[in-house]
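Quick notes on the structure that follows.
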Amino acid sequence: MSQASLFIKYLQQKAAYIPETVFDKARDCLCDYLAVTEAGAAANKKRWAVFLDHASLGNTQVIGYDISTDSKTAALVNGFNAHSLELDDGQRFAMIHLGGSIISALLSAASENQIERKELLRGMIMGYEAACRLSISMQPSHKKLGFHTAGTCGTVGSAIAVAFALNMNFEQLKTVLTAALSSAAGLLEIQEQASELKPYNIGRAAMDGLIAAYMGMTDFVGSDDMLDGERGFLKIFSRKNNLKKLTEKTDYFEIERIYVKPFAACRHCHSAIEAALKVRGKIAAEDINRIEVQTYHLAVKGHDHTEIAGSASAKLSIPCSVAVALVLGKADVSSFDLSYIGRKDIKELTRKVKVVENEQFTKESPDKRISRVIIYDRKGNSTFCQVDYAKGDPENPMSRHEIIEKTYALANDQAKRIIDYVYRDRGGKL
């Protein structure tokens with residue numbers, strides 16, 4: 001049996017019994033997604049205006065706007081907005097963001113098909129499972145080659161999510177997987193310099209995943225092994241992979257290992273932000289001579305820059321994130337506004353931060369994403385804090401109460417509507 005067939009069989013077997021606790025986790029992910037997408041939509045509203053004026057009419061809601069468009073456009077825009085504030089969920093083992101692509105595709109599919117709430121949540125769970133397993137089997141090689149997992153594996157996760165929500169059979173899933181793997185794309189270079197288009201990889205993954213899932217409604221036959229064939233996905237997108245990770249049995253679902261973000265920055269910055277907040281005030285900001293952030297290897301490259309080229313660049317920078325946390329005492333959405341990151345004191349403190357690899361922390365990654373923040377004053381005195389599991393990790397999770405608080409903070413007057421929709425299992429439109 002081909003690797004692709006084994007993967008599909010694994011997913012089908014996993015989907016046969018999903019505990020209620022896992023459905024509860026999916027509800028929390030759905031609530032978090034809707035909150036961050038609502039906030040992203042508010043922040044991006046003016047910038048989407050011309051684009052949406054040219055979009056075709058349809059019955060799929062664009063979250064946060066009084067607009068309904070075709071399902072593919074809605075998936076793109078909702079997926080983009082879900083990731084634009086760097087507040088969406090993810091998983092450190094797979095090094096991937098999940099909700100933005102997977103849930104956006106599912107909500108678009110639900111607008112065009114009769115999908116019961118339980119089936120939508122089931123689709124979420126299996127989409128997270130597929131995307132994470134595929135990514136875990138290739139990491140860290142996949143990222144080191146420059147691929148953005150949320151775009152590549154996110155396309156597959158979105159397609160599989162919709163396919164399971166629509167109860168597709170083995171042959172249909174084979175076609176879906178073939179189409180999704182061929183559509184998978186996303187380069188990390190998109191986040192460099194002053195680029196604000198990193199969320200495009202997530203939105204496109206939602207859109208292309210939806211289209212790939214709908215290919216399962218045809219009777220076109222898929223490739224025998226788009227995964228591990230001579231020119232298959234695993235061969236092209238990684239130099240080293242572990243096929244065992246694709247299908248090995250576990251007593252957990254991958255959605256149970258996601259993180260939820262309390263800070264509006266790249267997840268690689270979170271343990272450093274939390275450590276900085278814990279030592280804040282022990283040395284006055286004006287007395288700081290230098291700051292050293294020790295962390296794992298993959299958090300250094302692409303996240304150690306001190307010259308900040310805008311808000312998106314700031315959210316990817318450990319030095320800027322640490323400076324923001326130390327000066328403002330927070331790292332929420334407003335903290336990365338240009339009015340703050342352009343301040344002289346924050347810019348000067350950012351330049352005093354050096355990010356270095358701690359080889360022991362690298363060895364412990366991805367089981368832990370550790371950061372140690374050491375602050376030195378002008379007299380040579382120092383203070384430090386180390387965070388092994390940042391808030392939101394499965395070992396240090398945000399409770400449902402905290403997720404609901406985050407929803408109220410981000411979605412304002414829409415928060416109650418979101419909470420009712422998610423936790424009272426009310427169907428229909430948001």
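In what follows, residues are counted from 1 in the order of the sequence shown. What you see is a predicted model, and the numbers here were worked out from it, not measured in a lab.
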Checklist entry - Looking at residues at least two apart in the chain, or sitting in another chain, which of them share a ring pair (Phe, Tyr, Trp, His ring centres under 6.0 Å) with Phe361? => result none

Checklist outcome for this item: Taken in chain and number order and not counting sequence neighbours, the residues that satisfy ring pair (Phe, Tyr, Trp, His ring centres under 6.0 Å) with His270 are Phe263

Next on the checklist: Can you confirm whether Tyr200 is buried at OH, in the sense that more than 12 heavy atoms of other residues, nucleotides or ligands lie under 6.0 Å from that atom?
Outcome noted: no

Next on the checklist: For the NZ atom on Lys347, are there more than 12 heavy atoms of other groups (residues, nucleotides or ligands in this structure) within a distance under 6.0 Å?
Outcome noted: no

With a 4.0 Å cut-off, would you call [X] and [Y] a salt bridge?
X: Glu395; Y: Lys368; answer: no
X: Asp228; Y: Lys235; answer: yes
X: Glu274; Y: Lys278; answer: yes
X: Asp28; Y: Lys25; answer: no

Any chance the side chains of [X] and [Y] put a donor and an acceptor closer than 3.5 Å?
X: Asp345; Y: Tyr340; answer: no
X: Lys354; Y: Thr306; answer: no
X: Asn78; Y: Thr37; answer: no
X: Ser238; Y: Ser141; answer: no
X: Glu357; Y: Thr362; answer: yes
X: Asn81; Y: Ser84; answer: no

Checklist entry - Please, which pairs that meet salt bridge (charged side-chain N to carboxylate O under 4.0 Å, His left out) have at least one residue in residues 291-315, sequence neighbours excluded? => result Glu307-Arg351

Checklist entry - Quick one: are Leu134 and Leu246 in side-chain contact, heavy atoms under 4.5 Å? => result yes

Checklist entry - So do Lys406 and Lys261 actually touch side chain to side chain, heavy atoms under 4.5 Å? => result yes

Donor-acceptor contacts, no H, no angles, side chain residues 280-291, under 3.5 Å, sequence neighbours left out:
unit_1 : atom_1 : unit_2 : atom_2 : d
Arg280 : NE     : Leu326 : O      : 2.7
Arg280 : NH2    : Val327 : O      : 3.1

Acceptor/donor pairs from residues 203-213 side chains to any protein atom, 3.5 angstrom cut, sequence neighbours excluded:
unit_1 : atom_1 : unit_2 : atom_2 : d
Arg204 : NH1    : Thr155 : OG1    : 3.4
Arg204 : NH1    : Asp208 : OD2    : 2.9
Arg204 : NH2    : Gly151 : O      : 2.8
Arg204 : NH2    : Thr155 : OG1    : 3.2
Arg204 : NH2    : Ala185 : O      : 2.6

Item to check | Tyr128 six-ring face occupied by Arg257 cation (under 6.0 Å, within 45°) | outcome: no

Checklist entry - For Glu192, what residues pass the salt bridge (Lys or Arg N to Asp or Glu O under 4.0 Å) criterion, not counting sequence neighbours? => result none

Next on the checklist: Can you tell me how the ring of His142 sits relative to the ring of Phe237, calling it parallel under 30°, perpendicular over 60° and tilted otherwise?
Outcome noted: tilted

Checklist entry - With under 30° as parallel and over 60° as perpendicular, where do the rings of Phe7 and Tyr10 fit, or are they tilted in between? => result parallel

Checklist entry - Is the ring centre of Tyr65 less than 6.0 Å from the ring centre of Trp48? => result no

